[in-house]
Amino acid sequence: MFLEPYWMRHAEASAVVVSGWHRMSYRATDGLFQSVELERCIRRLHRAVGNAVADDKQIVFATGSMQLINALVYALSPDSNSGSTANVVATTPYYPAYRTQIVLFDSREYKWAGNTSMWAKASGNSTTKEDVIEFVTSPNNPDALLHQPVVVGSSAILDHAYFWPHFTHIPAPSDADVMLFTTSKLSGHASSRFGWALIRDEKVAKRVNDYIMQNTMGASRDTQLRMLAIFKTILANLHGKEDIFAFGHDVMTAKWRKLSAVVSRSRRISLQNIPPQYCTYFDKIREPSPAYAWVKCEREEDSDCSDVLLKAKIITRSGVWNDASSRYTRISLIKSQDDFDLLLERITEFVDAELTAAGSNSM
């Protein structure tokens, strides 16, 4: 929602009017289920931003990146006739949907196998080879750090939902075999439910596409039409006064500065450390602008950090969801400015109360 003011300024250029008779068929154009023009725009955007090598890969559209989670695991798993089962893993703290989807679908071809730590050690020491599918979120949700695969020989899925210049520095284009993206974090259009995967291997791409077709017969054609207008607006303004990434970075940097300044006064809570880094898109050292604050409660008695902040009327998501300690909790910074201003007010009250109590105890 922090990008809503940007799109209000570009209401006319990004608008789409669809007549009742338009796009009634199952297919988009030329008998296809994916818009060829939208594919071109996606490749152009990755090339212009420099966050992913897309020109040598297949693109598969989906109903948000959420649909791609299980589709990609299905595509990378052994054939059902092989008798093998793939182990799906991620490094803590990880996005909880990886675990919850694998458990929900309960497939014979793959299973949730937990944290990468055990598998990383085994991959370096063991001569046996098991099928491992590794989710790598980079930047990570919840702590915003860039990551690489840690299990040697794993089939890695790089979740690059936040790998855009308004959330992180872009050190170089990602060129992994499998990468996924979503417009919910690129442009803020979460309700449109549009995501895409970049896949090097044609056979893997075909299996992903087969899954999507069996599941929803592709991404909504109406959504594709709207996303085409959104992508064209973004492309038309890159490196100009109305660059969405410059706008987003300015907003998110200001939020992080203000939140960091308040939390730095506290000994009860702390934030993750994100140093300034060189960004190839902006061609300069950029300040941190994470999508989330990963908060740690430092006092021994504050074992449930989410509950501690809830008592101060601050709603967070416990680190338990991310398979981390309950001493950690996630605060979203990508909501509206009004939401952030209220958050800052309550965090300030929380820290002030801590300092007042500490002053009273020292007297």
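Not measured: the values here are computed from a predicted model.
Counting only distance, with no hydrogens or angles, the side chain of Asn322 and the backbone of Ala324 share no donor-acceptor pair below 3.5 Å. With Thr329 contributing its side chain and Arg317 its backbone, the two residues share a donor-acceptor pair below 3.5 Å. In this structure, the side chain of Glu354 engages the main chain of Arg268 through a donor-acceptor pair within 3.5 Å. Although no hydrogens or angles enter the test, the distance criterion places a donor-acceptor pair under 3.5 Å between the side chain of Thr280 and the main chain of Ile170. In this structure, Arg221 contributes its side chain and Ala219 its backbone to a donor-acceptor pair below 3.5 Å.
Under the 3.5 Å distance criterion, with hydrogens and angles disregarded, no donor-acceptor pair is assigned to the side chains of Asp250 and Thr253. Of the N and O atoms on the side chains of Ser14 and Thr233, not one donor lies less than 3.5 Å from an acceptor on the other residue. Residues Ser306 and Ser318 bring no donor and acceptor atom of their side chains to less than 3.5 Å of each other. For the residue pair Asp341 and Gln337, a side-chain donor N or O sits within less than 3.5 Å of a side-chain acceptor on the partner. Neither side chain, Asp131 nor Tyr110, offers a donor N or O lying under 3.5 Å from an acceptor on the other.
The residues Arg47 and Asp55 are annotated as salt-bridged, a charged nitrogen and a carboxylate oxygen being separated by less than 4.0 angstrom. Taking 4.0 Å as the cut-off between side-chain N and carboxylate O, Arg327 and Asp304 do not count as a salt-bridged pair. For Arg9 and Glu242, the salt-bridge test passes: some basic side-chain N is under 4.0 Å from an acidic carboxylate O.
The nearest pair of heavy atoms linking Arg286 to Phe167 is NH2-C, 3.8 Å.
One hydrophobic cluster holds both Ile199 and Val88 under the rule that ILVMFWY side chains link at heavy-atom gaps under 4.5 Å.
A 4.5 Å side-chain heavy-atom check between Asp175 and Lys57 finds at least one atom pair inside the cut-off. Within the 4.5 Å cutoff, the side chain of His189 has no heavy atoms near those of the Phe194 side chain. Taking 4.5 Å as the limit, some side-chain heavy atom of Ile133 sits within range of a side-chain heavy atom of Ser77. Tyr328 has its side chain out of reach of Val320: every pair of non-hydrogen atoms, C-beta onward, lies at least 4.5 Å apart.
The aromatic rings of His46 and Trp164 lie parallel to each other, their planes meeting at an angle below 30°, with 60° marking the opposite boundary. Using the six-membered ring where Trp is involved, His160 and Phe181 have ring planes that are tilted, between 30° and 60° apart.
Of the residues listed (Val295, Asp302, Val262), the one engaging Ile269 in a side-chain contact (heavy atoms from CB on, under 4.5 Å) is Val295, and it is the only one.
A ring-centre distance under 6.0 Å is not found for Phe61 and Trp196.
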